[in-house]
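Shown next, in structure tokens, is the structure this report addresses.
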Amino acid sequence: MIRRPPRSTLSSSSAASDVYKRQELEQQLAGSELQLQQSTDHHIAKVLRMEEIIHGLNAQVAELEQKLVAARTASEQDKNLVLTMSHAMDTLSGLQRCPD
């Protein structure tokens with residue numbers, strides 16, 4: 001509760017006036033501290049959410065890297081199969097051309 005200086009005190013430098021001014025400043029400071037704490041809490045919550053998002057993205061990147069490795073492996077296997085089939089066809093062609 002704010003105590004106001006008595007009405008009979010006209011001087012702005014009286015002790016009662018000083019108490020009143022100090023109380024106003026303390027209330028302003030308390031309000032500022034509350035705003036700062038709320039702002040800090042808000043920013044901390046945002047950072048924590050960003051960390052969750054980054055963690056999820058890192059998991060997705062790891063999964064995509066695994067799929068890429070698997071696709072490259074499959075591609076190499078396909079190339080080897082094509083080369084083997086090509087070689088087999090060349091061999092068959094050569095056998096068909098050979099006289100008995």
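Bear in mind that the values here come from a model prediction, so they are computed numbers and not experimental data. The first residue of the sequence shown is numbered 1, and numbering continues consecutively from there.
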Shared-cluster residues of Ile53, by chain and number - hydrophobic side chains joined below 4.5 Å |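 Besides Ile53, the hydrophobic cluster comprises Leu57, listed by chain and residue number.
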Each residue besides Leu81 in its hydrophobic cluster should be listed here, by chain and number; the cluster joins Ile, Leu, Val, Met, Phe, Trp and Tyr at side-chain heavy-atom distances under 4.5 Å.
->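 In the cluster with Leu81 are Met85.
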Kindly say whether [Y] contributes a backbone atom to a donor-acceptor pair with the side chain of [X] at under 3.5 angstrom?
| X | Y | value |
| --- | --- | --- |
| Ser75 | Ala71 | no |
| Thr73 | Val69 | yes |
| Thr40 | Leu36 | yes |

Could you tell me which residues satisfy side chain to side chain donor-acceptor pair (under 3.5 Å) with [X], sequence neighbours excluded, listed by chain and number?
| X | result |
| --- | --- |
| Arg72 | none |
| Gln37 | Asp41 |
| Glu52 | Arg49 |

May I ask you to decide whether Glu76 forms a salt bridge with Lys79, counting only side-chain N to carboxylate O separations under 4.0 Å?
->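 A salt bridge is present here (some side-chain N lies under 4.0 Å from a carboxylate O).
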Among Thr91, Thr84, Leu83, whose side-chain contact (heavy atoms from CB on, under 4.5 Å) with His87 holds?
->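 Of Thr91, Thr84, Leu83, side-chain contact (heavy atoms from CB on, under 4.5 Å) with His87 is met by Thr91 alone.
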Roughly how far, to the nearest 0.5 Å, is [atom2] of [Y] from [atom1] of [X]?
| X | Y | atom1 | atom2 | value |
| --- | --- | --- | --- | --- |
| His43 | Gln38 | NE2 | CD | 11.5 Å |
| Gln28 | Gln23 | CD | CD | 12.5 Å |
| Glu26 | Arg22 | CD | CZ | 5.0 Å |
| Leu29 | Leu34 | CG | CG | 11.5 Å |

Set of residues satisfying salt bridge (charged side-chain N to carboxylate O under 4.0 Å, His left out) with respect to Glu63, sequence neighbours excluded |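 Glu63 satisfies salt bridge (charged side-chain N to carboxylate O under 4.0 Å, His left out) with Lys67 once adjacent residues are dropped.
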